[in-house]
There are 2 protein chains.
Amino acid sequence: MTESGTAVRNTRQRSAVSALLAEVDGFHSAQDLHAMLRDRGERVGLTTVYRTLQGLADAGEIDVMRPPGGEHLYRRCSEGHHHHLVCRACGRTVEVAGPTVESWAERVARQHGYVDVSHTLEIFGTCPSCTG
Amino acid sequence: MTESGTAVRNTRQRSAVSALLAEVDGFHSAQDLHAMLRDRGERVGLTTVYRTLQGLADAGEIDVMRPPGGEHLYRRCSEGHHHHLVCRACGRTVEVAGPTVESWAERVARQHGYVDVSHTLEIFGTCPSCTG
DNA sequence: TGCGTTTTTGACAATCATTCTCATTGTCGC
DNA sequence: GCGACAATGAGAATGATTGTCAAAAACGCA
């Protein structure tokens with residue numbers, strides 16, 4: 001159940017999703033990505049898009065954000081742990097690193113006896129372009 | 001939009017939801033709270049529970065958490081800005097304040113020119129009771 | 001290269017929390 | 001009390017995500 005010979009296979013569909021994620025900027029929903037693939041002429045089922053994104057997310061190759069709106073948004077991100085600064089109006093996103101926060105979260109959790117600590121953090125604001 | 005005469009009316013249902021939230025501990029979903037009300041003999045429609053919770057959340061009287069599971073969880077919280085440290089296994093929750101994080105988020109956002117900044121932060125871990 | 005095994009795919013149905021609709025009911029100012 | 005208007009609630013609608021399962025594609029191996 002944990003890590004036997006999972007034998008992930010290379011398929012046209014999986015490549016198409018990965019390739020698309022490598023080219024587009026910003027966050028996109030599964031439905032959104034599915035539509036883009038269709039526009040490109042790649043025939044990939046919606047179910048497969050969901051499964052592939054889930055797999056990539058589990059593997060840590062992409063980031064998932066769950067905004068209040070409801071849809072899950074996926075994005076290819078730089079490696080390593082980081083957070084996002086997102087514009088409320090236009091969605092423009094900046095990756096930010098916060099060593100201070102990392103250690104703070106870890107420390108606070110430890111103080112309460114919690115172990116195996118992780119966290120999620122999103123910062124929202126209005127970007128310069130949308131301010132005026 | 002900001003503070004005109006909204007004229008919120010006191011109703012039995014609204015009171016019931018507020019009272020329930022004041023008594024229960026931890027986070028509960030809307031459906032969960034609705035079931036509790038029913039068990040108490042309070043007849044409140046599910047729609048109304050949703051609406052009331054939304055209103056309370058907008059008013060800042062309760063906190064909303066959106067775990068990966070899917071359901072929104074609501075909880076009566078202490079006033080003021082704070083975050084949550086949640087146990088993955090049993091759900092036990094601790095409120096934590098993080099002045100450091102607040103100022104860090106604000107500063108980072110400013111550096112990128114973002115204004116009107118807010119943020120969400122959740123820390124997950126395994127609590128002492130669930131470790132052994 | 002051909003074959004069998006096993007994963008993957010995908011069209012469609014199912015799920016399920018949340019929101020919408022709208023006629024009815026309850027509040028509150030007067 | 002009365003009347004205007006917000007609030008209620010039962011059921012339908014929405015819409016993203018997940019489950020189903022037969023057919024197709026990949027890979028290991030001879």
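Small disclaimer: the values here were computed from a predicted structure and weren't measured. Order of the sequence lines sets the chain letters (A, B, ...), proteins ahead of strands, with each chain counted from 1.
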K.L.:
Checking side-chain polar atoms at under 3.5 Å, does A:Arg76 have a donor or acceptor matched by the opposite partner on A:Ser18?
P.N.:
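Judged by distance alone, the side chains do not pair up.
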
K.L.:
To the nearest angstrom, how far is B:Glu71 atom CD from C:dT18 atom P?
P.N.:
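Answer to the nearest Å: 6 Å.
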
K.L.:
How many Å lie between CG on A:Asp58 and P on D:dT18, as a whole number?
P.N.:
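Nearest whole value for this atom pair: 11 Å.
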
K.L.:
Who else is in the cluster with A:Val101 when I, L, V, M, F, W and Y are joined by side-chain contacts under 4.5 Å?
P.N.:
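A:Leu85, A:Val94, A:Val96, A:Trp104, A:Val108, A:Tyr114, A:Val117, A:Leu121, A:Ile123, B:Leu85, B:Val94, B:Val96, B:Val101, B:Trp104, B:Val108, B:Tyr114, B:Val117, B:Leu121, B:Ile123, all in the cluster of A:Val101.
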
K.L.:
Taking atom types as modelled, find out whether A:His119 and A:His81 have a side-chain donor-acceptor pair closer than 3.5 angstrom.
P.N.:
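The answer is yes; a qualifying pair exists.
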
K.L.:
Which nucleotide sits closest to the side chain of A:Tyr50: D:dT17, D:dT8, C:dT8?
P.N.:
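It is D:dT17.
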
K.L.:
Check the distance between C:dA17's P and B:Arg66's CZ and give it to me in whole angstrom.
P.N.:
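From B:Arg66 CZ to C:dA17 P: 15 Å.
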
K.L.:
Would you mind reading off the distance between A:Leu53 atom CG and D:dT17 atom C1', rounded to a whole angstrom?
P.N.:
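Result: 12 Å.
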
K.L.:
Below 3.5 Å between N/O atoms, which protein atoms pair up with nucleotides 20-22 of chain D? Just atom names and distances, please.
P.N.:
none

K.L.:
At less than 4.0 Å, is any side-chain N or O atom of B:His72 found next to OP1 or OP2 of C:dA17? Yes or no.
P.N.:
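Result: no.
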
K.L.:
Under 3.5 Å, is there a donor on one side chain and an acceptor on the other for A:His83 and A:Glu102?
P.N.:
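There is such a pair (donor and acceptor under 3.5 Å, judged by atom type) between the side chains of A:His83 and A:Glu102.
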
K.L.:
Measure the shortest side-chain to side-chain distance between A:Val17 and A:Glu42 over non-hydrogen atoms and say whether it is less than 4.5 angstrom.
P.N.:
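No, side chains not in contact.
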
K.L.:
Can you confirm whether or not the ring centre of B:Phe27 sits under 6.0 Å from the ring centre of B:His84?
P.N.:
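Ring centres of B:His84 and B:Phe27 closer than 6.0 Å.
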
K.L.:
Quick check: closest heavy atoms across B:Val64 and B:Ala57, and the distance to 0.1 Å?
P.N.:
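Nearest heavy atoms, B:Val64 then B:Ala57: CG2-CB, 3.6 Å.
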
K.L.:
How many angstroms lie between atom CZ of A:Arg92 and atom SG of A:Cys130, to the nearest 0.5 angstrom?
P.N.:
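These two atoms lie 7.0 Å from each other.
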
K.L.:
Do other residues, nucleotides or ligands put more than 12 heavy atoms under 6.0 Å from B:Arg110 CZ?
P.N.:
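Result for CZ/B:Arg110: open.
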
K.L.:
On DNA chain C, check which nucleotide each of B:Tyr74 and A:Thr48 is closest to and give me the residue with the more 5' one.
P.N.:
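So the residue in question is A:Thr48.
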
K.L.:
Do we see a donor-acceptor contact under 3.5 Å between the side chains of A:Gln54 and A:Tyr74?
P.N.:
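No, no side-chain donor-acceptor contact under 3.5 Å.
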
K.L.:
Mark yes when over 12 heavy atoms from residues, nucleotides or ligands other than A:Asp58 sit less than 6.0 Å from its CG; otherwise mark no.
P.N.:
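Atom CG in A:Asp58 is packed in, count exceeds 12.
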
K.L.:
Please round to the nearest 0.5 Å and tell me the distance separating atom CG of B:Asn10 and atom OG of B:Ser15.
P.N.:
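It comes to 5.5 Å.
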
K.L.:
Do A:Ser78 and A:Glu95 pair up side chain to side chain, a donor and an acceptor below 3.5 Å, judged on atom types alone?
P.N.:
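Yes.
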
K.L.:
Can you tell me how far CG of A:Leu21 sits from CG of A:Leu56, rounded to the nearest 0.5 angstrom?
P.N.:
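The CG atom of A:Leu21 is 6.5 Å from CG of A:Leu56, to the nearest 0.5 Å.
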
K.L.:
Is a side-chain donor-acceptor pair under 3.5 Å present for A:Arg75 with A:Thr93?
P.N.:
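Per modelled atom types, A:Thr93 and A:Arg75 side chains form no pair under 3.5 Å.
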
K.L.:
Please produce a list of atom pairs where a protein N or O lies less than 3.5 Å from an N or O of nucleotides 27-30 of chain C.
P.N.:
unit_1, atom_1, unit_2, atom_2, d
C:dT27, O2, B:Arg9, NH1, 2.9
C:dC28, OP1, B:Asn10, N, 3.3

K.L.:
Calculate the interatomic distance between A:Leu46 atom CG and D:dT17 atom P; express it in whole Å.
P.N.:
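Atom CG in A:Leu46 sits about 9 Å away from atom P in D:dT17.
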
K.L.:
Considering only nitrogen or oxygen atoms on both sides, find all protein atoms under 3.5 Å from nucleotides 2-4 of chain C and state each distance.
P.N.:
none

K.L.:
Counting only side-chain N and O atoms of B:Gln13, is one of them less than 4.0 Å from OP1 or OP2 of D:dG9?
P.N.:
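Affirmative; the distance criterion is met.
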
K.L.:
Can you pull out the residues from residues 36-43 of chain B that lie within a 4.0 Å heavy-atom distance of DNA chain D?
P.N.:
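DNA chain D contact set from residues 36-43 of chain B: B:Arg43.
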
K.L.:
How about A:Asp39: does its CG atom have over 12 heavy atoms from other parts shown lying under 6.0 Å from it?
P.N.:
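For A:Asp39, atom CG is crowded (more than 12 foreign heavy atoms under 6.0 Å).
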
K.L.:
Counting only non-hydrogen atoms, which of residues 24-35 of chain A are less than 4.0 Å from DNA chain D?
P.N.:
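DNA chain D contact set from residues 24-35 of chain A: A:Gln31.
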
K.L.:
Give a yes/no on whether any side-chain N or O of B:Gln54 is located under 4.0 angstrom from OP1 or OP2 of C:dT19.
P.N.:
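Indeed, a polar side-chain atom of B:Gln54 lies that close.
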
